[in-house]
Every structure is written in structure tokens, then in C-alpha cells.
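In what follows, a single structure is set out as C-alpha cells and then discussed.
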Amino acid sequence: MLQITNLSASIDNKKILKGFNLKIKPGEIHAIMGPNGSGKSTLANVLTGKNGYQVEGQVLYQGKNLLKLPIEERAQKGLFMAFQYPLEIAGVNTNNFLKTSLNTVRKVRGLKELDSLDFLNLIKTKTKNLKIDEKILNRQLNVGFSGGEKKKNEILQMTILEPKLVILDETDSGLDIDAMKIVSEGVNSLRDKDRSFLIITHYQRLLDYIKPDFVHVLVDGKIAKTGCGELALELEKIGYGKMEAEG
Amino acid sequence: MKQSTINSSEEYKYGFTTDIESIRAPKGLNGDVIKFISNIKKEPRWMLEWRLKAYERLKNLKEPNWQKPKYPKIDYQDLYYYSAPKNSENKPKSLDEVDPRLIETYNKLGISLKEQEKLSGVAVDAVFDSVSVATTFKDKLTEKGIIFCPISEAIQKHPDLVKKYLGSVIPITDHYFATLNSAVFTDGSFVYIPQGVRCPMELSTYFRINASETGQFERTLIIADKGSYVSYLEGCTAPMRDENQLHAANVELVALDDAEIKYSTVQNWYPGDKDGKGGIYNFVTKRGVCRGRNSKISWTQVETGSAITWKYPSCILQGDNSIGEFYSIAITNNHQKADTGTKMIHLGKNTKSKIISKGISAGHADNTYRGLVRISSKANNSRNFTQCDSLLMGNECGAHTIPYIENKNSSSNIEHEATASKINEEQLFYCNQRGLNQEEAIGLIVNGFCKEVLQQLPMEFAVEAQKLVGISLEGSVG
Ligand SMILES: Nc1ncnc2c1ncn2[C@@H]1O[C@H](COP(=O)(O)OP(=O)(O)OP(=O)(O)O)[C@@H](O)[C@H]1O
Ligand SMILES: [Mg+2]
């Protein structure tokens with residue numbers, strides 16, 4: 001699914017990723033933990049194609065060179081990121097945004113575009129599953145949404161777009177316990193042998209709900225340690241300090 | 001970020017010229033040229049006198065210069081004031097007699113003059129430089145007593161109506177450009193809706209500048225008699241040229257008791273090239289008077305073209321309970337400049353006005369909303385609501401809001417809201433990450449921003465306008 005080899009990225013001459021390696025197979029769930037500023041969001045941004053980074057190294061996605069594709073093509077090919085800080089866009093109706101996005105992606109994938117009625121039916125079930133108040137669909141995109149509503153809106157988009165590779169950037173931060181469960185169920189419901197996840201989080205608790213196959217610790221732009229679910233528990237106890245010393 | 005890779009001919013697809021022999025007045029502005037225009041249009045004596053009176057007045061007027069966008073001095077003696085395709089003086093009786101090159105020109109602009117093929121439910125008057133070349137659906141309208149014809153024809157056939165109303169909203173003494181127009185106006189549309197008639201179709205005029213070094217001085221007069229209704233739309237395009245061309249139109253609307261006029265404009269004059277060379281100076285005076293009780297005038301404008309747009313479609317709310325509305329989208333990209341807004345003059349009791357203005361600025365452009373709301377001492381219980389929103393794209397452009405508010409009546413009330421926002425790269429990244437490309441993302445954001453105004457347009461044109469909004473901003477976030 002995804003193979004990252006010796007990936008480096010800098011912004012404004014500041015080197016953030018320093019020789020990052022990772023391989024994700026179809027169906028796998030990888031968690032990335034690591035101290036603030038270690039480069040987790042940067043990794044997500046570089047993979048999704050955000051402008052402004054000088055990037056070196058190689059990233060193969062479904063066997064193809066990901067780094068030379070425009071942002072929207074990566075998304076159309078099934079790469080999805082739930083933003084750490086979802087953007088507010090005034091004037092754009094949430095429902096219309098989701099529909100436009102879905103239909104654009106469907107068109108590229110050779111599927112029939114959904115008309116308003118089909119879309120309404122789809123979105124009704126999805127919002128219900130995620131316990132999202134339908135009213136937010138008629139509001140401006142993310143404008144005035146609570147922190148939790150914004151995060152749920154990201155997960156809603158994920159479930160609608162049915163991506164192949166999902167990056168969750170601290171989607172659990174700011175969620176109350178119930179919301180965290182709901183979001184986890186959303187993720188688990190999408191688990192599939194052909195779909196992979198890269199979950200960035202600071203909290204072991206999320207990984208109680210979403211069982212990862214691997215946990216990586218990112219320190220200073222590269223992976224300092226890789227383990228299974230237990231590694232997260234260990235980190236919870238000893239913190240990153242020790243890890244940095246080891247790395 | 002993606003830079004504009006679109007060449008200018010794709011950006012402005014109406015930039016072609018039609019190769020057609022034309023008849024011109026001698027260059028320059030003087031009494032003889034005015035006589036030439038009046039003569040070639042076979043105008044009655046009173047019309048010529050009216051023009052000459054305006055011309056005398058003009059000699060004592062100075063060009064205003066309080067507007068924000070400045071422009072190099074216009075040499076009024078170096079312009080042609082009349083240009084028309086040869087043989088058009090004897091206006092063809094049927095479309096079959098119209099020069100095929102003209103039909104072809106309008107086809108290329110997406111306006112079909114052949115009735116059987118055209119947008120159903122829209123009657124078109126096509127004005128090419130200084131003359132109207134065709135008016136469609138005339139017979140169908142005549143059945144209802146509706147007059148929809150070139151103003152030059154109305155001067156000959158309906159002199160009483162023209163005499164009564166021409167200049168009654170914009171007097172010949174008004175201001176420099178309006179007075180200039182009164183002296184030299186060439187063509188435009190005339191509409192009269194009789195008492196109690198609801199016009200069964202959209203009326204529309206399509207203005208095309210073709211000739212070079214020529215000013216276009218259109219004159220439009222719309223009268224909605226008691227209890228009548230009409231929806232009217234004008235569209236405008238011009239070829240790409242390095243010179244700046246002047247378009248100084250006057251539009252007058254009169255709504256009598258219980259009548260309603262809905263006037264929409266989709267202005268897409270050539271905006272000049274990426275570096276600001278060329279483009280139309282769109283200096284237009286548009287004014288409507290709600291003369292009767294319970295009358296209503298609603299202006300909707302989508303201004304995407306022109307090098308400089310300078311206009312304030314206004315409503316004089318004279319009749320009690322009358323309503324004035326102004327919905328505007330002004331988009332400026334590259335080096336375009338706009339100084340536009342409205343005037344709502346409340347004279348009658350219980351008069352209401354609403355102003356929704358959306359200004360979008362990109363590139364090096366500059367966009368000013370300027371608006372006056374005046375509530376006179378006799379206008380009891382009157383209301384105004386104004387909402388001015390600006391959207392900026394990039395760091396090189398400007399947006400300004402200049403509201404003038406005068407309330408002389410304590411029972412009346414004026415509300416003003418304004419917002420300014422900016423499309424930033426993070427927002428576009430977010431949209432791109434959801435599969436939308438740059439143009440789709442900008443289109444979505446901008447159309448969301450403009451929705452309230454776009455909704456006001458007649459259905460047939462809303463889709464076109466929505467596309468136009470996207471096109472005029474292509475490549476603007478870079
Ligand atoms: N535009 C920029 N200019 C300079 N430094 C930047 C820029 N963007 C990010 N950085 C720096 O890069 C480092 C990595 O940032 P990143 O957002 O990837 O961290 P993170 O691991 O996601 O942290 P957190 O856990 O707090 O979300 C930080 O030190 C940050 O300040
Ligand atoms: Mg982060």
C-alpha cells in the first residue's frame with residue numbers, strides 16, 4: 001500500500017523529517033506516537049502533498065510515485081487525511097461541500113454521481129452512526145463547530161469517501177470519552193483487508209479501541225522505536241524522555 | 001502553488017472582433033457630430049434639441065474625480081461617437097435580413113438570434129456598437145401591449161412615452177458622464193409594460209462593442225405602468241484591445257403604483273490583460289425611481305469585466321411603501337478596479353431598502369464598495385439593511401467599504417454590517433485533500449460567498465453567471 005524510504009522534509013530551511021522509513025501493507029493499522037514537534041503532522045502533510053516543503057526520498061503508494069502527484073489526485077486515488085486542525089470555510093455549506101467532494105471522487109473512480117436524494121439518504125445514515133447532529137450539515141463548513149464536532153466531521157467525510165489509506169492526525173485530541181468511542185467505531189467499521197490506517201495520536205487510550213498492528217515512536221524526524229500495541233502502554237508509563245535518550 | 005498558465009485568449013473568450021464594414025461619425029465631439037447621430041437615426045427635431053441642450057450643459061461640467069480608481073485623461077475629441085455596421089441604418093424587418101456575420105457574432109457569444117433555437121422564454125435585443133441589430137419575440141410581446149424595441153425606434157414610434165420619461169430619472173443636467181450620454185447616446189433598449197401586465201418572458205439586451213476607438217453610449221429606458229411586472233437582463237462583452245474604451249451608459253427605470261422592475265446585469269466587458277493593459281472603462285449611471293405606491297425596483301449586478309467599473313445603480317423610493325433592492329457581486333482580478341455600490345434615497349413613508357454587496361479581489365486588483373443610504377425627514381418608518389462582504393485572495397489586492405449614512409427621521413432605521421475575509425492556502429489545501437482541484441475549490445468557496453446574490457438572477461442566467469465567477473478568478477491564487 002505505502003512504502004516510504006529515506007524521507008526527508010524541511011520547511012524554511014528547517015529540517016523536520018530526517019530519513020524516515022515506513023512500510024504499510026493493505027489492511028494494516030499503524031500508530032505513530034511521539035513528542036510535540038517531532039514531525040508527525042509534517043509527515044501527514046508531506047504524504048498528502050501540502051505545498052511549501054522541500055522533500056527528498058521516495059514514497060510509493062499502490063506501487064506508484066506518490067510525491068509527484070498533485071494534492072487532489074492523491075485524494076482521488078484514495079488518500080485521506082483527517083486534519084489535526086480542520087479548516088473553517090465561511091460561505092460554503094457543509095452538506096454541499098461533502099456532496100461536491102464525494103461526486104468529484106466518484107467521477108474519477110468511474111462511478112455514477114449521486115443526486116441530492118441519494119446523497120441525502122447516504123448522509124443520513126452516516127451522521128446517525130456517528131451521532132452527529134444533522135443540523136450541522138446546513139451550516140457553513142466547520143464555522144463555529146465545537147472542537148469535537150469538527151473532528152467528527154472529519155470522520156464523517158472519511159466514511160463517505162471510503163478512502164484506501166487513512167491518516168488520522170490526532171483525531172482523538174479534544175474528544176470526550178463517548179465521542180472517542182464513536183469515532184473509534186467509525187474507524188473500525190471501515191477496517192478492511194484492502195484499507196490501511198496511519199493513526200497519529202498522543203494517547204494510548206485510543207489504541208484500546210482501535211487495535212493497531214504496529215506502534216512507531218517518532219522522535220526528531222525519524223522512527224526511534226517500533227513495536228506492537230504494548231509499546232504504547234509502555235510509553236504511557238515511562239514517557240518519551242527515555243526514548244529520546246535511546247534514539 | 002499553481003500559477004496561471006491559461007493564456008489570455010482562453011481567459012477572455014469573447015475577445016474576438018467581427019470583420020464588418022462600418023459607418024462612423026467623424027471623430028470628435030461637437031454639435032455637428034451630434035447632428036450626424038440624430039440625423040442618421042432619423043430623429044425628430046425635439047430629440048436633436050434635447051441632445052444639443054445636454055451638449056451645451058456638458059461644456060460647463062467637469063469630469064468628476066472623487067472615485068478611487070484613477071485613470072489617464074480621456075481625450076474626448078479623439079473618440080468616435082457613432083459606429084454601426086453598414087446597411088444597418090435601415091433596420092432589417094426580419095432576422096433573415098440581418099447580416100449573417102452579425103448573427104454569427106452573437107452565436108459565438110452564446111446568444112442565438114434565431115427565434116426557434118433560442119433560449120425559450122427570453123426575448124433579446126442585440127446592440128452592436130451604436131445600433132440595435134435585432135430584436136426577437138417582438139410579435140408575441142406586442143400581443144400583450146408590451147413595447148420592447150431599440151430606443152431609436154421608440155423615439156420615432158412612441159414619442160409621447162419617450163418625451164414623458166426620458167431624462168425624468170437622470171436629468172440631462174445630472175453629472176458629466178450622464179450628460180455626455182444624453183448628448184451622444186446611440187442605442188439601447190426601450191421597454192414599456194402596460195398597466196396590469198405581467199411580462200411573460202425575460203427581456204434581455206446584449207451589448208457588444210466591436211469597433212475600435214469608439215465609445216459606447218447606450219441608453220435604456222424601462223417603464224412599468226401600474227400593477228405591471230418585468231424582469232430585464234443585460235449582458236456585455238467586447239474584443240480584446242490594447243486601448244481603453246469608454247462605455248458610458250444611462251439606464252432609467254420608472255415603476256408606477258404597485259409595479260415591479262427586476263433589472264439584472266451580467267457585465268463581462270474586456271477587463272484588460274494580466275498586466276492591466278487595455279480594457280473597458282465602464283462608467284455607467286443607472287437609476288430607478290419607485291414613483292408609485294407599493295412599487296419595487298430590484299437591481300442585481302454581476303460585475304466581472306472592465307478595467308474600471310464605476311457605477312452606483314440607485315433607487316429613489318418616492319412612493320409610500322416602495323421597496324428598493326441592490327444585490328451586487330463585483331469581482332476584480334489582475335489589475336482591474338471597481339468602485340461600485342448603490343444609493344437608496346428614501347422619500348416616501350414605510351419605504352424599505354436592502355443592499356447586499358459581495359466584493360471579491362484577487363491579483364493586484366482594487367475593489368471599493370461605496371454606498372449612500374439617505375432617509376429624508378418625511379420618510380417615516382423606513383428601513384434599510386446593508387450587508388457588505390469582501391473576500392480577498394492573495395496579499396496584493398485591496399478591498400474598501402465606504403458607507404454614507406444620512407438618517408433625518410427618528411422613526412426610521414438603518415442597519416449596516418460588513419465583513420472581510422480571505423481565502424488562504426490552508427483552506428485550498430483542505431479542499432484539494434478532499435479531491436477538488438484548484439479551480440473547483442475556488443469556485444466552491446467563491447460561489448458560496450456570492451450565493452445570496454446569484455440566487456437573485458433569473459434561472460436561465462444564474463448557471464452562466466456562476467461559471468463566469470469561477471472563470472474570472474482562474475489562476476488567481478498563486
Ligand atoms: N512553516 C514552518 N516554519 C518553521 N517551522 C515549522 C513550520 N511548520 C512546522 N514547523 C516546525 O516543525 C516541527 C514539526 O512540526 P509538526 O507539526 O510536524 O509536529 P507534530 O509532531 O505534529 O507536533 P504535535 O504533536 O504538537 O502536533 C515543529 O518544531 C514545528 O514548529
Ligand atoms: Mg501535529
Side-chain angles (χ1 to χ4, degrees), chain A residues 41 44-53 69-109 139-143 150 153-154 156-158 160-163 166-167 169, chain B residues 1-3 5 327 329 331 356-361 387-394 399 417-455 462 466-467 469-470 473 475 477-478:
Chain A
S41 294
N45 288 339
V46 168
L47 291 178
T48 45
K50 190 174 182 187
N51 295 302
Y53 297 95
L69 294 181
I71 310 166
E72 65 271 17
E73 269 183 49
R74 301 183 196 198
Q76 290 157 1
K77 288 189 155 67
L79 182 59
F80 179 91
M81 162 158 84
F83 281 59
Q84 181 172 2
Y85 305 108
L87 276 295
E88 301 191 356
I89 307 186
V92 174
N93 173 278
T94 303
N95 195 57
N96 187 33
F97 179 77
L98 300 191
K99 184 169 162 239
T100 309
S101 161
L102 175 63
N103 277 336
T104 308
V105 167
R106 284 180 70 95
K107 210 160 53 189
V108 175
R109 294 181 189 162
R139 286 171 48 187
Q140 304 175 53
L141 185 59
N142 289 327
V143 176
K150 283 184 185 168
N153 189 22
E154 295 292 288
L156 175 65
Q157 294 176 54
M158 174 191 79
I160 286 171
L161 293 174
E162 302 184 331
V166 177
I167 303 171
D169 191 358
Chain B
M1 275 237 132
K2 190 167 149 196
Q3 286 296 325
T5 50
Y327 296 94
I329 298 170
I331 299 181
I356 307 285
S357 159
K358 307 278 179 178
I360 303 172
S361 234
Q387 168 88 47
C388 287
D389 299 320
S390 333
L391 185 66
L392 292 160
M393 305 171 75
E417 288 175 13
T419 68
S421 51
K422 202 164 168 176
I423 298 190
N424 60 45
E425 291 211 20
E426 296 279 334
Q427 290 173 323
L428 290 174
F429 173 54
Y430 188 73
C431 296
N432 295 153
Q433 214 299 303
R434 297 300 184 254
L436 308 178
N437 67 27
Q438 203 76 342
E439 266 81 51
E440 288 164 335
I442 292 174
L444 194 72
I445 296 174
V446 168
N447 280 309
F449 178 77
C450 301
K451 197 168 53 204
E452 252 177 298
V453 175
L454 288 172
Q455 279 168 349
Q466 194 168 337
K467 269 193 233 145
V469 165
L473 288 167
V477 176

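Computed from a predicted model, the values in this text were never measured in an experiment. Convention: sequence-line order gives letters A, B, ...; per-chain numbering from 1.
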Rounding to 0.5 Å, atoms OG1 (T104(A)) and CG (N437(B)) come to a distance of 8.0 Å
If one checks every heavy atom of L141(A) against chain B at 4.5 Å, the contacting part turns out to be side chain
### Query
Backbone N or O of L79(A) within a donor-acceptor pair of the Q433(B) side chain at under 3.5 Å?
yes
inquiry  = One pair to check against side-chain contact (heavy atoms from CB on, under 4.5 Å): I89(A) and C431(B). What are the steps and the verdict?
reply    = CA-CA 10 Å; I89(A) 307 186; C431(B) 296; 3.7 Å; yes
When the 4.5 angstrom heavy-atom criterion is applied to E440(B) and chain A, the contacting part is side chain
Okay, F80(A) and chain B: the region with an atom under 4.5 Å from a heavy atom over there is both
If one checks every heavy atom of N142(A) against chain B at 4.5 Å, the contacting part turns out to be side chain
request  = Check whether any side-chain heavy atom of F429(B) lies under 4.5 Å from a side-chain heavy atom of T48(A), and answer yes or no.
outcome  = yes
Practice item. For the pair L428(B) and I71(A), evaluate side-chain contact (heavy atoms from CB on, under 4.5 Å) and give the outcome as yes or no after the intermediate values. Key: CA-CA 10 Å; L428(B) 290 174; I71(A) 310 166; over 6 Å; no
Assert top hit (heavy-atom pairs under 4.5 Å, partner chain B, pool Q76(A), Q140(A), E154(A)) equals E154(A)
Of all heavy-atom pairs linking G435(B) and A75(A), the shortest is N-CB, 3.6 Å
Any donor-acceptor pair under 3.5 Å from Q427(B) side chain to E88(A) backbone: yes
Could you walk me through whether N432(B) and E72(A) satisfy the side-chain contact (heavy atoms from CB on, under 4.5 Å) test, starting with their C-alpha distance in whole Å, then the side-chain angles of each, then the deciding distance to 0.1 Å, before giving a yes or no? CA-CA 5 Å; N432(B) 295 153; E72(A) 65 271 17; 4.3 Å; yes
CG of L444(B) to OG1 of T100(A), rounded to nearest 0.5 Å, is 5.0 Å
Practice item. Indicate yes or no: at least one non-hydrogen side-chain atom of F97(A) is less than 4.5 angstrom from one of R434(B). Key: yes
Given R74(A), E73(A), Q157(A), the one with more heavy-atom pairs under 4.5 angstrom with chain B than any other is Q157(A)
Applying a strict 4.5 Å limit to non-hydrogen atoms, the region of F449(B) in contact with chain A is backbone
Can you check salt bridge (Lys or Arg N to Asp or Glu O under 4.0 Å) on K50(A) and E425(B), steps first, answer last?
CA-CA 9 Å; K50(A) 190 174 182 187; E425(B) 291 211 20; over 6 Å; no
